[in-house]
Colleague: 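Take a look at this one; I'll ask things after.
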Amino acid sequence: MGKIHVLPEHVANKIAAGEVVERPASVVKELLENSIDAGSARIRIQVEAGGKKVIQVTDNGGGMVRDDALLAFERHATSKINNADDLLSVSTLGFRGEALPSIASVSRLRLETRSPEETSGTLIEINGGKMFRVEEAGLPGGTSITVRDLFFNTPARKKFLKAEATELSHIASLVTHYALAHPDKHFELHSATNAVLVAPPVADYSARIYQVFGKEVLDQLLSLAVLQPLERTGLPQPPPWRREAKEETSKDPGELRLHGFISKPEIQKLNRNSIYVFVNGRLVRDRLIQHALTEAYRNVIPPSVFPVVLLFLELPSGEVDVNVHPSKTEVRFRQQSLLHDFVRDSVRAALVKARPVPQFVTEMTARPTATPSLTPGSRSTVDIAAWRAAYAPAAPPGFALQAPVLPAITERLQFGGDGISVEANAAVALARAPDPVFPGNGCAPPIQEEPDAVSDLAPSLSSLKCLGQIRESFILAVDQQGLWIIDQHVAHERVLFEILLKQRAAQRVESQRLLMPLVLELTPAQQAVFPEISQELAQNGFEAEPFGARSIVVKLAPAGIESHQVEHLLHELIDQVAREEQAINLQQLRARIAASIACHAAIKVNMPLDQNKMEWLLTELAKTDCPISCPHGRPVVLRYSIKDIQRAFKRI
């Protein structure tokens with residue numbers, strides 16, 4: 001007798017449930033997406049015990065007739081697609097027909113639905129995948145699905161669930177981000193008797209962020225909106241010898257649209273959990289887009305931290321394949337390099353255009369403030385205590401933005417012949433403070449720019465009056481805007497970085513010959529990488545060539561690099577390229593080489609500078625394209641504004 005057999009239907013459903021239903025938030029995701037696909041304008045989610053006991057999703061969408069309601073619990077029964085070709089252009093959030101039978105197989109499910117076509121509705125109850133009751137009932141239009149006792153018949157899965165507060169936080173994060181993605185819909189999330197989130201429809205995305213998180217969070221984000229026809233970005237066109245070419249090219253291939261919000265360079269997170277990307281309204285975790293965002297922030301923030309991103313990418317459904325992951329959280333793009341470069345360049349352009357002015361602000365934490373209206377006096381219908389207990393422990397990543405609290409200035413400043421010497425502990429703390437949060441222009445109509453905000457950093461830097469140095473490492477300067485602190489090393493690094501890039505573009509990089517040729521031993525991984533970058537190294541002032549089986553000899557190095565730094569610099573560059581998972585990009589490689597050379601050639605900390613050198617450095621920094629951060633992403637300047645000073649002295 002053969003060993004292969006067909007699994008029973010209830011076993012197959014449980015296996016599918018293991019792929020689709022990971023935790024209560026997975027159930028909410030599937031039901032929420034079905035409600036959105038049904039055209040619902042109002043969606044209400046009710047949970048108990050973090051979703052372990054009860055999950056109820058109610059909407060006012062199209063509903064179902066009796067026959068459709070029964071078929072919905074059959075595997076791969078769906079109204080979204082009809083044939084295999086439809087998989088190439090899926091425009092709905094759900095399409096496989098696996099969600100309802102998978103959820104019903106591991107819970108006690110109750111479906112109540114009525115279509116506008118019928119005068120009465122249908123009630124269906126299923127326990128552990130077995131149909132328990134089907135009857136006619138008087139119901140309002142739309143659909144309500146109640147899921148009780150999740151994983152009651154699979155205790156091994158149930159014991160892996162986390163604490164109630166943790167599971168509720170995952171649900172809250174999910175609902176919040178779908179509310180952000182659909183500002184035209186009404187979302188409610190209730191836990192027991194507490195309203196965790198109430199978000200009525202608003203005009204646009206910025207208004208939704210303002211509604212849910214408040215003005216402070218919106219001020220920390222930069223708005224982004226880019227529209228580009230697909231044909232301009234390299235969509236393959238028919239060959240000219242084809243007769244129908246003219247007809248085909250006349251058809252509009254569609255557009256790429258990227259909009260949403262990105263954080264300023266000074267807001268940095270320790271992981272990627274603050275990055276949320278929606279593709280055609282679908283929340284995804286895509287490596288291609290993640291890498292594009294990393295490249296956009298390269299040389300703007302340190303490589304070990306990540307930005308806060310809420311982006312919406314819209315493109316023709318035929319350009320993206322959503323049928324590549326059981327939970328539909330991953331997608332595949334038809335033109336991957338095109339999408340990658342489009343996202344990278346769009347985000348990078350927004351960062352370069354913003355150029356916010358750094359300054360110290362008081363601590364600020366996002367709190368949900370979703371209300372039935374945005375009128376003053378009715379700011380919150382949310383139970384904050386319940387929110388903190390259930391939602392704050394795992395708030396939507398990226399929306400708990402922290403800034404350093406300005407330390408009290410308690411000690412004195414000493415003036416000497418070499419300028420100002422700061423001995424106050426507060427000044428040292430300022431210099432060592434974590435990356436500050438910058439104030440920015442509001443993105444929603446209710447937000448107004450502060451009167452003393454500066455739109456362009458360059459004029460301010462060129463007009464600064466230098467007072468001296470702090471520990472011979474930080475330049476202290478003043479102007480009408482307030483007190484400025486400039487990191488002399490990273491400021492000079494930024495200046496040299498842009499000079500090197502311009503010299504490389506003109507093929508005029510200056511070199512110096514080493515007194516004695518330098519022989520470097522390479523590891524096997526470094527040996528594999530060196531031939532790939534040797535030509536670009538030569539274009540950047542190096543003369544390095546193989547010398548034996550595992551060595552290279554260096555005869556020339558870029559001007560300004562001391563001989564004892566050349567070995568460390570080359571090892572650093574080769575190792576960076578060796579660790580890169582993606583294919584080597586020439587533009588990226590040039591930037592890395594320029595950044596490393598600039599870092600080693602720049603003015604060091606603990607180096608005294610006279611007045612002329614400090615003024616020259618600030619003047620040159622003002623000429624750069626990005627004076628707010630060094631090529632490795634560290635901040636260059638910090639501003640303590642007049643308002644901050646007045647506030648510290650209790651004058652305002």
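The first residue of the sequence shown is numbered 1, and numbering continues consecutively from there. Keep in mind the model is a prediction, meaning the values are calculated, not measured.
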Colleague: Show, in sequence, the C-alpha distance, side-chain angles and deciding distance for T58 and T146, and conclude whether the side-chain contact (heavy atoms from CB on, under 4.5 Å) test is met.
Modeller: CA-CA 9 Å; T58 305; T146 305; over 6 Å; no
Colleague: If the threshold is 4.0 Å, N to carboxylate O, is there a salt bridge linking R148 and E48?
Modeller: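 E48 and R148: not salt-bridged.
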Colleague: Would you sort out whether L311 and V347 count as a side-chain contact (heavy atoms from CB on, under 4.5 Å), showing the intermediate values?
Modeller: CA-CA 10 Å; L311 283 182; V347 173; 4.1 Å; yes
Colleague: Quick one, L339 and I289 - any side-chain contact, counting heavy atoms below 4.5 Å?
Modeller: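 Answer no - side chains too far apart.
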Colleague: Using the side-chain contact (heavy atoms from CB on, under 4.5 Å) rule, take L139 and T113 through it: C-alpha gap first, then chi angles, then the decisive distance, then the call.
Modeller: CA-CA 7 Å; L139 299 169; T113 184; 5.7 Å; no
Colleague: One thing to verify: whether R133 and E125 come together as a salt bridge, which I'm taking to mean a side-chain N less than 4.0 angstrom from a carboxylate O.
Modeller: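 Answer for the salt bridge query: yes.
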Colleague: Look up atom CG in L189 and atom OG1 in T176, then write down how far apart they are to the nearest 0.5 Å.
Modeller: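 With rounding to 0.5 Å, CG (L189) is 7.0 Å from OG1 (T176).
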Colleague: Taking 4.0 angstrom as the limit, do E167 and K162 come out as a salt bridge?
Modeller: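 Looking at E167 and K162, the cut-off is not met.
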Colleague: Return the minimal non-hydrogen interatomic distance between D59 and S35, and the atom names on each side.
Modeller: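 In this case the closest contact between D59 and S35 is OD2-OG, 2.7 Å.
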Colleague: So, does N60 use its side chain to make a donor-acceptor pair with the main chain of R42 at under 3.5 Å?
Modeller: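 Side chain of N60 to backbone of R42: a pair is present.
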Colleague: Any non-hydrogen side-chain atom of H170 less than 4.5 Å from a side-chain atom of V28?
Modeller: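 No, too far: nothing below the 4.5 Å cut-off.
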Colleague: Decide yes or no for S263 and Q220: does some side-chain heavy atom of the first lie under 4.5 Å from some side-chain heavy atom of the second?
Modeller: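 Sidechains of Q220 and S263: no contact.
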Colleague: Would you say the side chain of P183 lies within less than 4.5 Å of the side chain of Q211, judging by non-hydrogen atoms?
Modeller: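 No, their side chains stay 4.5 Å or more apart.
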Colleague: Would the distance check show the side chain of N280 and the main-chain N or O of L315 forming a donor-acceptor pair, the cut-off being under 3.5 Å?
Modeller: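 Flag set: sc N280 to bb L315 pair under 3.5 Å.
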Colleague: Say you draw a straight line from CG of L32 to CD1 of I43; how long is it, rounded to the nearest 0.5 Å?
Modeller: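 It is 5.0 Å, given to the nearest 0.5 Å.
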Colleague: Which heavy-atom pair separates I103 from L31 by the least distance, and what is that distance?
Modeller: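 Nearest pair, atom of I103 first, then L31: CD1-CD2, 4.2 Å.
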Colleague: Give a yes or no answer on whether the side chain of R272 reaches the backbone of F306 with a donor-acceptor pair at less than 3.5 Å.
Modeller: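 No, the answer is negative, given that no donor and acceptor are paired below the 3.5 Å cut-off.
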Colleague: For A199 and V212, which heavy atoms make the closest approach, and how far apart are they?
Modeller: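 For A199 versus V212, the nearest heavy atoms are CB-CG2, 4.5 Å.
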Colleague: Using a strict threshold of under 4.0 Å (side-chain N to carboxylate O), is an ion pair present between E164 and K52?
Modeller: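 Not counted as a salt bridge, because no side-chain N and carboxylate O are separated by less than 4.0 Å.
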Colleague: Just checking, any donor-acceptor pair under 3.5 angstrom between side chains of Q290 and R287?
Modeller: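 There is no such pair (donor and acceptor under 3.5 Å, judged by atom type) between the side chains of Q290 and R287.
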Colleague: Decide yes or no on side-chain contact (heavy atoms from CB on, under 4.5 Å) for H177 and F278, but give the supporting numbers first.
Modeller: CA-CA 9 Å; H177 285 88; F278 290 82; 4.0 Å; yes
Colleague: Roughly how far, to the nearest 0.5 Å, is OG of S173 from CG of L168?
Modeller: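 Here the rounded value is 11.0 Å.
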Colleague: What are the two closest non-hydrogen atoms of P307 and I275, and how far apart are they?
Modeller: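 Looking at all heavy atoms of both residues, the closest pair is O-CG1, 3.7 Å.
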Colleague: Check A49 against K53 and note the closest heavy-atom contact, atom names and distance.
Modeller: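 Closest heavy-atom pair between A49 and K53: CB-CG, 3.7 Å.
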Colleague: If we only count heavy atoms from C-beta on, is the I171 to V47 side-chain gap below 4.5 Å?
Modeller: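 With C-beta onward as the side chain, the pair touches.
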Colleague: Taking the ring of F312 and the ring of Y205, is the distance between their centroids below 6.0 Å?
Modeller: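 Yes, the ring of Y205 comes within the 6.0 Å limit of the ring of F312, centre to centre.
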Colleague: Can you tell me how far the CG atom of L313 sits from the NE2 atom of H259, to the nearest 0.5 Å?
Modeller: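 Separation between the atoms: 8.5 Å.
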Colleague: Test the R348-Y297 pair against the cation-pi criterion, namely NZ or CZ under 6.0 angstrom from the six-membered ring centroid and within 45° of the ring axis.
Modeller: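 No cation-pi geometry.
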Colleague: Answer yes or no: is there a side-chain heavy-atom contact under 4.5 Å between Y178 and K185?
Modeller: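 The answer is no; the side chains never approach within 4.5 Å.
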Colleague: Can you tell which of V21, V54, L109 makes a side-chain contact (heavy atoms from CB on, under 4.5 Å) with L150?
Modeller: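 Of the listed options, the one satisfying the test is V21.
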Colleague: Could you tell me whether E135 atom CD has more than 12 heavy atoms of other residues or ligands within 6.0 Å of it?
Modeller: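 Atom CD in E135 is packed in, count exceeds 12.
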Colleague: Test your reading of the model: is there a side-chain donor-acceptor pair from S105 to the backbone of S102, 3.5 Å cut-off?
Modeller: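 Judged by distance alone, yes, a pair lies under 3.5 Å.
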Colleague: Any side-chain heavy atom of V196 sitting closer than 4.5 Å to one from V175?
Modeller: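 Result no, sub-4.5 Å side-chain heavy-atom pair not found.
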Colleague: Rounded at 0.5 Å granularity, tell me how far OG1 in T122 sits from CE in M64.
Modeller: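 Going from OG1 on T122 over to CE on M64, the span is 8.5 Å.
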Colleague: Out of N127, I145, L123, which one pairs with R110 under the side-chain contact (heavy atoms from CB on, under 4.5 Å) rule?
Modeller: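 Of the listed residues N127, I145, L123, the side-chain contact (heavy atoms from CB on, under 4.5 Å) partner of R110 is L123.
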Colleague: Flag yes if more than 12 heavy atoms outside F132 fall under 6.0 Å of its CZ atom; otherwise flag no.
Modeller: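 Count not over threshold, so no.
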Colleague: Grab the two heavy atoms, one from R344 and one from A296, that are nearest each other, plus how far apart they are.
Modeller: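 Scanning both residues, the minimum pair turns out to be O-CB, 3.5 Å.
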Colleague: I need the K264 NZ to I628 CD1 distance, nearest 0.5 Å.
Modeller: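 Interatomic distance, K264 NZ to I628 CD1, rounded to 0.5 Å: 9.5 Å.
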